[in-house]
2 protein chains.
Amino acid sequence: MGITKTQIFNEEQNDLAQFFKVLGHPARVAILQYVSNQNACICNDLVEEIGLAQATISQHLKELKSIGLLNGEIEGKKMCYCINVERWETIQNQLNNFFNKTKSNCC
Amino acid sequence: MGITKTQIFNEEQNDLAQFFKVLGHPARVAILQYVSNQNACICNDLVEEIGLAQATISQHLKELKSIGLLNGEIEGKKMCYCINVERWETIQNQLNNFFNKTKSNCC
DNA sequence: TTTTAATATTGCAATATTACGATATTAAAA
DNA sequence: TTTTAATATCGTAATATTGCAATATTAAAA
């Protein structure tokens, strides 16, 4: 099929999986690392930096925006992408909560 | 295409993305939660618990094993799945390291 | 031994993702 | 105004993922 049966899972499970999924591509990991290491916000040297076509980078940026992890601000004909730190921390907390609650075990 | 260009990313980026990707499905999140909440290790009530076909659950378990997050031990004709706590903590640390190193920003 | 139960594997159909060229769009620069 | 540069969107091909029925496999139970 290829279609995920989201209806049979609860909201927490679907949300967590959604975050993980968006972060689950090396280009998106690389974008986040690069954006956070720039002092200036004017990005999109990303295309050169990462080595994927402009259309592809744009698509990955869209996915990172879809979970609120990146904000894009228009600055003339350039875009200023930056990490939404508040959202970032919220997500980190949710993931840690998952890890901490889930690691107890019997073996 | 559908093929990820892993060659153009470094090992850290690919590893992180791989973890995230495996965790990026609600069934796999649910499996981890369920396994960790059982006192006994004898799982696979999972099929009933989660509501996907046996073949599908088996496939998801395989992916979780592929990143070392679950161990499976044969117990007669049953399988005892349990979380590899050491591995679990390693991954949690790596993810936290990524989040902490990456959140600095300019906006 | 034969049966049964638990799990894995195979094969396949449906859908999703990745990547990119081509083509918009839009705002500054000329 | 025309050109140019930066970015987004569209269309599409190649590949991956999800899910399941059917079929192995294997070990205990009968």
Side-chain angles (χ1 to χ4, degrees), chain A residues 1-9 13-14 17-31 34-35 38 40-67 70-82, chain B residues 1-9 13-14 17-31 34-35 38 40-67 70-82:
Chain A
M1 316 219 147
I3 192 166
T4 296
K5 289 188 155 180
T6 50
Q7 347 81 256
I8 68 175
F9 302 102
Q13 290 163 339
N14 284 314
Q18 184 59 29
F19 297 148
F20 283 128
K21 191 174 181 182
V22 169
L23 294 168
H25 190 289
R28 296 194 283 269
V29 169
I31 287 172
Y34 185 75
V35 170
Q38 292 304 100
C41 258
I42 312 301
C43 309
N44 284 49
D45 328 291
L46 278 172
V47 175
E48 286 211 359
E49 200 36 42
I50 293 189
L52 290 169
Q54 183 267 319
T56 309
I57 295 289
S58 195
Q59 220 175 232
H60 284 305
L61 286 166
K62 194 175 174 185
E63 290 183 71
L64 289 167
K65 274 188 287 184
S66 80
I67 57 167
L70 278 188
N71 288 333
E73 235 178 89
I74 299 169
E75 291 202 351
K77 56 186 170 185
K78 299 203 172 189
M79 283 293 288
C80 164
Y81 278 110
C82 47
Chain B
M1 318 217 148
I3 191 164
T4 296
K5 289 187 156 180
T6 51
Q7 347 82 255
I8 69 175
F9 303 102
Q13 291 163 339
N14 284 315
Q18 184 60 28
F19 297 148
F20 282 129
K21 192 174 180 182
V22 169
L23 294 169
H25 191 290
R28 296 194 283 270
V29 169
I31 287 172
Y34 185 75
V35 170
Q38 293 304 101
C41 259
I42 313 299
C43 311
N44 283 45
D45 326 290
L46 278 172
V47 175
E48 287 211 358
E49 199 35 43
I50 293 189
L52 290 169
Q54 183 267 321
T56 308
I57 296 289
S58 193
Q59 220 175 232
H60 284 304
L61 286 167
K62 194 176 175 183
E63 291 182 71
L64 288 167
K65 274 188 286 184
S66 80
I67 56 166
L70 280 188
N71 287 334
E73 235 179 272
I74 300 169
E75 291 202 352
K77 55 187 170 184
K78 300 205 173 188
M79 283 293 289
C80 162
Y81 278 111
C82 48

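A note on names: the letters A, B, ... follow the listed sequences, proteins ahead of strands, and every chain is numbered from 1.
Regarding A:Arg28, its CZ atom lies at a distance of 9 Å from the P atom of C:dA19, rounded to whole Å. Nucleotide C:dA5 holds its C1' atom 15 Å from the CE atom of B:Met79, rounded to whole Å. At whole-Å resolution of the value, CD1 in B:Ile57 and P in D:dA21 are 13 Å apart. Rounded to an integer number of Å, the gap from B:Gln7 CD to C:dT18 C1' is 13 Å. Taking atom CG of residue B:Asp45 and atom P of nucleotide C:dA5, one finds them 16 Å apart after rounding to whole Å. Atom C1' of nucleotide D:dT18 and atom CG of B:Leu61 are separated by 15 Å, given to the nearest angstrom. Rounded to whole Å, atom C1' of C:dT17 lies 15 Å from atom CG of A:Leu64. The interatomic distance linking A:Ile50 (CD1) with C:dC20 (C1') rounds to 16 Å, in whole Å.
The number of heavy atoms from other shown groups lying within 6.0 Å of CD (B:Glu48) does not exceed 12. The environment of B:Ile8 atom CD1 is dense: over 12 non-hydrogen atoms of other residues, nucleotides or ligands sit within 6.0 angstrom.
With D:dT18, C:dA19, C:dA8 as the choices, the nucleotide that has an atom nearest any side-chain atom of B:Glu63 turns out to be D:dT18.
If A:Lys77 and A:Ile3 are placed on DNA chain C by their nearest nucleotide, the residue sitting closer to the 5' end is A:Ile3. Comparing B:Gly24 and A:Lys65 along DNA chain D, the residue whose closest nucleotide (by nearest heavy atom) sits nearer the 5' end is A:Lys65. The residue among B:Ser58 and A:Leu52 whose nearest nucleotide of DNA chain C is located toward the 5' end is B:Ser58. Mapping A:Gly2 and A:Gln59 onto DNA chain D by nearest heavy atom places A:Gln59 at the nucleotide closer to the 5' end.
The shortest distance between the side-chain N/O atoms of A:Lys21 and the OP1/OP2 oxygens of C:dT17 is below 4.0 Å. Regarding contacts with the backbone of C:dC20, a side-chain N or O of A:Thr56 is found under 4.0 angstrom from either OP1 or OP2. The shortest distance between the side-chain N/O atoms of A:Tyr81 and the OP1/OP2 oxygens of D:dA8 is below 4.0 Å. A:His60 has no side-chain polar atom (N or O) that falls below the 4.0 Å cut-off from OP1 or OP2 of C:dT17. When the side-chain nitrogen and oxygen atoms of B:Lys5 are compared with OP1 and OP2 of C:dC20, one or more of them lie within a distance under 4.0 Å.
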| Residue pair A:Lys65, A:Asn71: steps toward the side chain to side chain contact (heavy atoms under 4.5 Å, CB included) verdict | CA-CA 6 Å; A:Lys65 274 188 287 184; A:Asn71 288 333; over 6 Å; no
| message | Test side chain to side chain contact (heavy atoms under 4.5 Å, CB included) on B:Ile50 and B:Thr56; report intermediate values, then the result. | response | CA-CA 11 Å; B:Ile50 293 189; B:Thr56 308; over 6 Å; no
| said: I'd like to know whether A:Leu70 forms a side chain to side chain contact (heavy atoms under 4.5 Å, CB included) with A:Ile31, so could you lay out the CA-CA distance, the side-chain angles of the two residues, the decisive distance to 0.1 Å, and finally the verdict. | reply: CA-CA 10 Å; A:Leu70 278 188; A:Ile31 287 172; 4.3 Å; yes
| message | Test side chain to side chain contact (heavy atoms under 4.5 Å, CB included) on B:Val35 and B:Leu64; report intermediate values, then the result. | response | CA-CA 12 Å; B:Val35 170; B:Leu64 288 167; over 6 Å; no
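In this model, a side-chain donor or acceptor of A:Gln54 finds a partner on the base of D:dA8 within 3.5 Å.
Remark: side-chain polar atoms of A:Ser66 are paired, donor with acceptor, to backbone N or O of A:Glu63 under 3.5 angstrom.
A:Ala55 comes within 4.0 angstrom of a nucleotide base, judged by non-hydrogen atoms across all strands.
Between A:Phe9 and B:His25, the ring-plane angle classifies as perpendicular under the 30° and 60° cut-offs.
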| So what is the 5' to 3' dot-bracket string for DNA chain D, if pairs are Watson-Crick or G-U wobble with both distances under 3.5 Å, crossing pairs use [ ] and | means the partner sits on another strand? | ||||||||||||||||||||||||||||||
